[in-house]
Asker: 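Before I ask anything, here is the structure I am working with.
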Amino acid sequence: MESYNHEQIEKKWQKKWDEEKLYLTQERADKKKCYVLDMFPYPSGEGLHVGHPKGYIATDIYSRHKRMSGFNVLHPMGWDAFGLPAENFALKNKVHPRVAVEKNIARFKEQLSGIGFSYDWEREINTTDPEYYKWTQWIFLKMFEQGLAYESHEPINWCPTCLTGLANEDLEGNECERCGTVVEKKPIRQWVLKITDYAERLLEDIESLDWPESIKESQRNWIGKSEGAEITFNIKHHDVGVRIFTTRPDTLYGATYIVLAPEHELMDKLKVEIKNWSAVEKYIQEASEKSDLDRQKNEKEKTGVLLEGVVAINPVNNEEVPVFVADYVLSGYGTGAIMAVPAHDERDFAFAKEKNLIIRGVVVPEGNVNPEDYELLLVSPTSKSVTEYILKYGPYTGTGYLIDSGEFNNQKSEDVKEKITKKVGGEMKTKYRLRDWVFSRQRYWGEPIPIIHCEKCGPVAVPEEDLPVVLPEVEHYEPTGTGESPLASIDSWVNTTCPTCNGAGKRETNTMPQWAGSSWYHLRYIDPKNSVEFADKEKEKYWSPVDMYVGGAEHATRHLIYARFWHKFLFDIKEVNYSEPFKRLQHVGLILAEDGRKMSKRYGNVVNPDDIVHFYGADTLRVYEMFMGPFAQSVSWNTESIIGPRKFLERVWRLQEIVVEGDDSLETILHKTIQKVGSDIENFAFNTAVSQLMIFLNEVEKNKKIRTSSYVAFLKLLAPFAPHIVEELWEKMGNTSSVHLEPWPEYDASKLISDTVSIPVQINGKVRGLIEADFDITEEEVLARIKKSATISRWIVGDIQKVIYVPNKLISLVI
RNA sequence: GCCGCGGUGGCGGAAUUGGUAUACGCGCACGACUCAAAAUCGUGUCUCGCAAGGGAUGAGGGUUCGACCCCCUCCCGCGGCACCA
């Protein structure tokens, strides 16, 4: 027997599979489909490190297993090549982004091909291909048509390093997610997508998804639903009122002042009324200059100014209350105005204390109160005593029974929210934290937004037949920093005619963000070459939705929200059949460097998969990465440990020497292995699947022989994990077609049970011995055997009071 | 602060979801083969103890014949949200 030469074997089969187009996918009515998708990579200049393929290995194993189990599997790959990373790389290396991307893709592809993935490369897509982004632009126009894409001049987050506007999702705290620079607020014209129209559905449908709880939770937090009421406080001697938003209308009787956000529109209208306008104006000015960072730093410190001469009226009791402007109220949320209830809200309490304002409690806590103090409340539930209590302990933000609330006294706070709102003519309202998606970037390397600006007609959609609007060649593609994209300087491209009136028009020069192309790419794989329609309806119906989606958890509140939003929109305009794109999602845990840090060129700790493939082989790499630990968990790479999987494959290689005809001794373990490997793959528990394969191999070696049929079954179980070595061994058995087209072995449930069992004997909760017995031994027999055994029965001192027998598992005696 | 996930040998991690804790692998130690080394194979490897036994799944309590698993109170790590009314 020649020794295991991984390099030769792997090259041989990769070439052959490719030539035979083994993994080509077509729609087939006779088979159930399974769509297995990886989050496609940005082809960055650094190339793949050893962590990138982890997810791809998992989906490859999953796909191969599904194929062998009779499914028609769609398993494609492509490139998310627009956006800042690609552009920044190009700028740094002084090459055109298009050239850089082409080069990087070639490099990525070469690296991937060495690992033996079963992608259908005929469906390869690239978001920067005009034939691809034609449809990205098309979707944008459909949204524009429906009023979901609109122009806005609101101040947005601006990264002073990347020189572009950003969406909320592009921030980490208040830093640019790309470069870590603290963002500024900048008022520039921009395109915005109305994702907030979908907030409720995006939230509701989370429940239907087979996704990790942590990602679902992140999305719920990101959408941030809260239910409350909008209530108007009239302003004395004035015909306008202040519309406030509160989640606690039940505390309306406790409202002792009103606060407006500095940017509130009422400020201008009340200008003449406000006696101390210069002070107020100064405060507003200062607030606008404060960065978000300053605001957060001084979270505890509440600042604000009283609007002298302005008095609001609490609609529930006609009480006159003062009005403040303070930056602890945010203009972007709710109505930008609140009623302040210092007795029952931390922030209002802090502000009231600072400014010495009235604090009036109207809700009595339910339990959990210092008994002495609670007595104070119960004996005399008056404003005074409650206020004393609150001053002593701080605000009570829970629910309870109302006091000092007129007709609502003694009712539970939860029960009166709607009643009180109704009484004052307010309205129950639901608010979301989610903001509309700032969709324009002032950068070169992105999809041009297909809009033409006309002085007469306003923004006009580029007619569908004129798509794609191709990104023009440009001499300088560096960002300008002016709020205009580099495209603005190409007059010949910018100046065009208005499609509506044929007058002079100017093209929109902003481009789309990084996330545009990836928001629908899962659909492009279904019909990757279609240039006449978005996607063939029959094909879409056949493949949709994605059955298994695998990628990093860092996309929880970015790509995964955007893609759900676009998909729902496409569902609404009847382009797709399902309202959710990704039925099941697994997230892949990072592979960290040996030093526990992220792998990065910067730290010089990158392990290149090419080296591992060359030295240990792709099959070893695959088995190792799956064996390292639970799939979703991060683990540190450890080149020392990779020897384990390598030795395992070498031992598998030697197995061919001990294949015999007729030997039944491995039946039970074989069927257990078939069962466990299959269910583990389905559950993404690859580490225990590999471990079970190792256990089986250990048993075979102990047995010193394996019969042909068991060997065949074992090879098939290993095939998804180590496709090359198995294919070689399969061929050596005399087979002429690929093992990867073979059916997955089935297990026989009756053979899972071994003839004998060993039953631990517990006496008063401690294991005192083992009873080796035939399967299905009765309780009486076990007890008899215990009595016979001196080493066990010596522990029985006194009467047996209770016997718990779990058949074939355990017996427990209580003395 | 709120929410979610987690904490098991020297290391990565198993444990059929309440039934022999530490599978599988790495590392380490010893042995075989060898002139020698590598490779390979074998044995051992949670801890205290000569042993009989005892103790241990972040800490402490509880439920149970029996708890890594369920309940309560804490501690630590990771992730999301956070002046969102």
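All chains are named by letter (A, B, ...) in the order of the sequence lines, taking the proteins before the strands, and each is independently numbered beginning at 1.
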Asker: Expressed in angstrom and rounded to an integer, what is the separation of A:N698 atom CG from B:rU43 atom P?
Answerer: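 Whole-Å distance recorded here is 11 Å.
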Asker: Using the side-chain heavy atoms of A:Y328, tell me which of these nucleotides is nearest: B:rC65, B:rC81, B:rC83.
Answerer: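 Nearest to the side-chain atoms of A:Y328, counting from C-beta on, is B:rC83.
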Asker: Both distances under 3.5 Å, Watson-Crick or G-U wobble: report the partner of B:rC69, or none.
Answerer: none
Asker: If I pick the P atom on B:rG1 and the same atom on B:rG66, what distance separates them, to the nearest angstrom?
Answerer: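 Straight-line distance between the two P atoms is 37 Å.
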Asker: Among B:rA52, B:rC83, B:rG19, which is the nearest nucleotide to the side chain of A:R794?
Answerer: B:rA52
Asker: Any idea which of B:rG25, B:rG19, B:rC3 is nearest the A:E217 side chain?
Answerer: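 For the A:E217 side chain, the nearest candidate turns out to be B:rC3.
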Asker: Checking one value: the base orientation of B:rU63, syn if chi is within 90 degrees of 0, otherwise anti.
Answerer: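 Base orientation: anti.
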Asker: Before giving the answer on side-chain hydrogen bond (donor to acceptor under 3.5 Å, both in side chains), spell out for A:E682 and A:S679 the whole-Å C-alpha distance, their side-chain angles and the decisive distance to 0.1 Å.
Answerer: CA-CA 5 Å; A:E682 189 54 47; A:S679 67; over 6 Å; no
Asker: Rounded to whole Å, please give me the gap between CG in A:D680 and C1' in B:rA14.
Answerer: 11 Å
Asker: Rounded to the nearest Å, what distance is computed from the NZ atom of residue A:K702 to the C1' atom of nucleotide B:rC41?
Answerer: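 From A:K702 NZ to B:rC41 C1': 15 Å.
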Asker: Please report the distance separating the P of B:rC26 from the corresponding atom of B:rG42, rounded so that it comes out in whole Å.
Answerer: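 To the nearest whole Å, 12 Å.
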Asker: OP1 or OP2 of B:rA85 less than 4.0 angstrom from a side-chain nitrogen or oxygen of A:S226, does that happen here?
Answerer: yes
Asker: B:rA85, B:rU40, B:rG13: which one has an atom nearest the side-chain heavy atoms of A:Y333?
Answerer: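 Of B:rA85, B:rU40, B:rG13, B:rA85 is nearest to the side chain of A:Y333.
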Asker: Indicate whether the side chain of A:D776 and that of A:N808 have a donor and an acceptor atom separated by less than 3.5 Å.
Answerer: yes
Asker: Anti or syn, where syn is a glycosidic angle within 90° of 0; which label fits B:rG44?
Answerer: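 What B:rG44 shows is an anti base, its glycosidic angle lying more than 90° from 0.
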Asker: Would the number of heavy atoms belonging to other residues, nucleotides or ligands and lying under 6.0 Å from CD1 of A:I804 be above 12?
Answerer: yes
Asker: Can you tell me the distance, in whole Å, between the CZ atom of A:R220 and the P atom of B:rG80?
Answerer: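 Whole-Å distance recorded here is 16 Å.
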Asker: Using a heavy-atom cut-off of under 4.0 Å over every strand shown, decide if A:P630 touches base, sugar-phosphate, or nothing.
Answerer: sugar-phosphate
Asker: On RNA chain B, nearest-nucleotide positions of A:I695 versus A:L813: which is more 5'?
Answerer: A:I695
Asker: Could you tell me the Watson-Crick or G-U partner of B:rG31, where both distances fall under 3.5 Å? Say none if there is no partner.
Answerer: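 Its partner is B:rC41 (Watson-Crick or G-U wobble, both distances under 3.5 Å).
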Asker: Between A:T303 and A:Y283, does any side-chain donor sit less than 3.5 Å from a side-chain acceptor?
Answerer: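 A pair is found: one side chain offers a donor N or O, the other an acceptor, under 3.5 Å apart.
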Asker: Taking only the side-chain nitrogens and oxygens of A:K766, find out if one of them lies under 4.0 Å from OP1 or OP2 of B:rG19.
Answerer: no
Asker: Between C1' on B:rG4 and CD1 on A:I223, what's the gap in Å once rounded to a whole number?
Answerer: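 Nearest whole value for this atom pair: 15 Å.
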Asker: Contact class for A:W795 vs. all strands (heavy atom < 4.0 Å): base, sugar-phosphate, or nothing?
Answerer: sugar-phosphate
Asker: Is the distance from OP1 or OP2 of B:rC26 to the nearest side-chain N or O of A:K647 less than 4.0 Å?
Answerer: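 Result: yes.
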Asker: Answer with yes or no whether the side chains of A:T756 and A:D774 bring together a donor and an acceptor at under 3.5 Å.
Answerer: no
Asker: Side chains of A:T639 and A:Y616: do they bring a donor and an acceptor to under 3.5 Å?
Answerer: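 No - no donor-acceptor pair under 3.5 Å links their side chains.
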Asker: When both hydrogen-bonding distances must be under 3.5 Å and the geometry is Watson-Crick or G-U wobble, what is B:rC81 paired with, if anything?
Answerer: B:rG1
Asker: B:rC28 and B:rC65: how far apart are their P atoms, nearest whole angstrom?
Answerer: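 Roughly 47 Å separates the two P atoms.
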Asker: Pick the closest RNA chain B nucleotide for A:S812 and for A:S691 by heavy atoms, then say which residue is nearer the 5' end.
Answerer: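 Per heavy-atom nearest nucleotide, the more 5' residue is A:S691.
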Asker: Can you measure A:N808 atom CG to B:rU20 atom C1' for me and round it to whole angstrom units?
Answerer: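 Value for this atom pair: 15 Å.
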Asker: Does A:Q633 have a side-chain nitrogen or oxygen under 4.0 Å from the phosphate oxygens OP1 or OP2 of B:rG13?
Answerer: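 Looking at the OP1 and OP2 atoms of B:rG13, one of them is under 4.0 Å from a side-chain N or O of A:Q633.
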Asker: In whole Å, what separates the P atom of B:rG12 from that of B:rG44?
Answerer: 24 Å
Asker: Categorize A:S758 for me: base, sugar-phosphate, or nothing, with a 4.0 angstrom heavy-atom threshold over every strand shown.
Answerer: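 Here A:S758 touches the bases of the nucleic acid.
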Asker: Check this one for me: any side-chain N or O of A:N687 less than 4.0 Å away from OP1 or OP2 of B:rA14?
Answerer: yes
Asker: Could you check how far NZ of A:K672 sits from P of B:rC24, rounded to whole Å?
Answerer: 11 Å
Asker: Is B:rC46 paired to anything, Watson-Crick or G-U wobble with both distances less than 3.5 Å, and if yes, which nucleotide?
Answerer: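 Because both required distances fall under 3.5 Å, B:rC46 counts as paired with B:rG55.
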Asker: Does any residue of residues 639-646 of chain A have a heavy atom under 4.0 Å from RNA chain B, and if so, which ones, in number order?
Answerer: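 Close to the strand are A:E640, A:S641, A:I643, A:G644.
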Asker: How far does the C1' atom of B:rU45 sit from the matching atom of B:rA23, given to the nearest Å?
Answerer: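 Those two atoms are separated by 15 Å.
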Asker: From the options B:rA14, B:rC24, B:rG4, select the nucleotide whose nearest atom is closest to the side chain of A:E213.
Answerer: B:rG4
Asker: Taking only the side-chain heavy atoms of A:T247 (C-beta and beyond), determine which of B:rC65, B:rA85, B:rG12 contains the nearest atom.
Answerer: B:rA85
Asker: Among side-chain atoms of A:T673 and A:Q692, is any donor-acceptor pair under 3.5 angstrom?
Answerer: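 A donor-acceptor contact under 3.5 Å links the two side chains.
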Asker: Among B:rU20, B:rC81, B:rG4, which nucleotide sits nearest the side chain of A:N221?
Answerer: B:rC81
Asker: Pick the P atom in B:rG27 and in B:rC78, then give their distance to the nearest Å.
Answerer: 30 Å
Asker: Measuring from the side chain of A:T688 (C-beta onward, heavy atoms only), which nucleotide among B:rG25, B:rA15, B:rG66 has the closest atom?
Answerer: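 Of the candidates, B:rA15 comes closest.
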Asker: Taking NZ, NE, NH1 and NH2 as the nitrogens, is one of them in A:E204 or A:K225 under 4.0 Å from a carboxylate oxygen of the other?
Answerer: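 Result for this pair is no, no salt bridge flagged.
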Asker: I'd like the C1' distance from B:rU8 over to B:rC69, given in whole Å.
Answerer: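 Here B:rC69 and B:rU8 have their C1' atoms 12 Å from each other.
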Asker: Which whole number of Å gives the distance between the C1' atom of B:rU57 and that of B:rC76?
Answerer: 16 Å
Asker: Could you tell me if A:D348 and A:Y328 have a donor-acceptor pair between their side chains, going purely by distance under 3.5 Å?
Answerer: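 A donor-acceptor contact under 3.5 Å links the two side chains.
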Asker: Would you mind pulling out the nucleotide paired to B:rG25, Watson-Crick or G-U wobble, both distances under 3.5 Å?
Answerer: B:rC11
Asker: Testing the 3.5 Å rule here: is there a donor-acceptor pair between the side chains of A:T256 and A:R360?
Answerer: no
Asker: Identify the nucleotide, in any strand shown, that forms a Watson-Crick or G-U wobble pair with B:rU64, with both distances under 3.5 Å; if there is none, say none.
Answerer: none
Asker: Report the distance from atom OH of A:Y805 to atom C1' of B:rU20, rounded to the nearest whole Å.
Answerer: 15 Å
Asker: Look at the rings of A:W437 and A:Y562 and say which category their plane angle falls in: under 30° parallel, 30 to 60° tilted, over 60° perpendicular.
Answerer: parallel
Asker: Counting only side-chain heavy atoms from C-beta out, which of B:rU20, B:rC41, B:rA85 sits nearest to A:R651?
Answerer: B:rC41
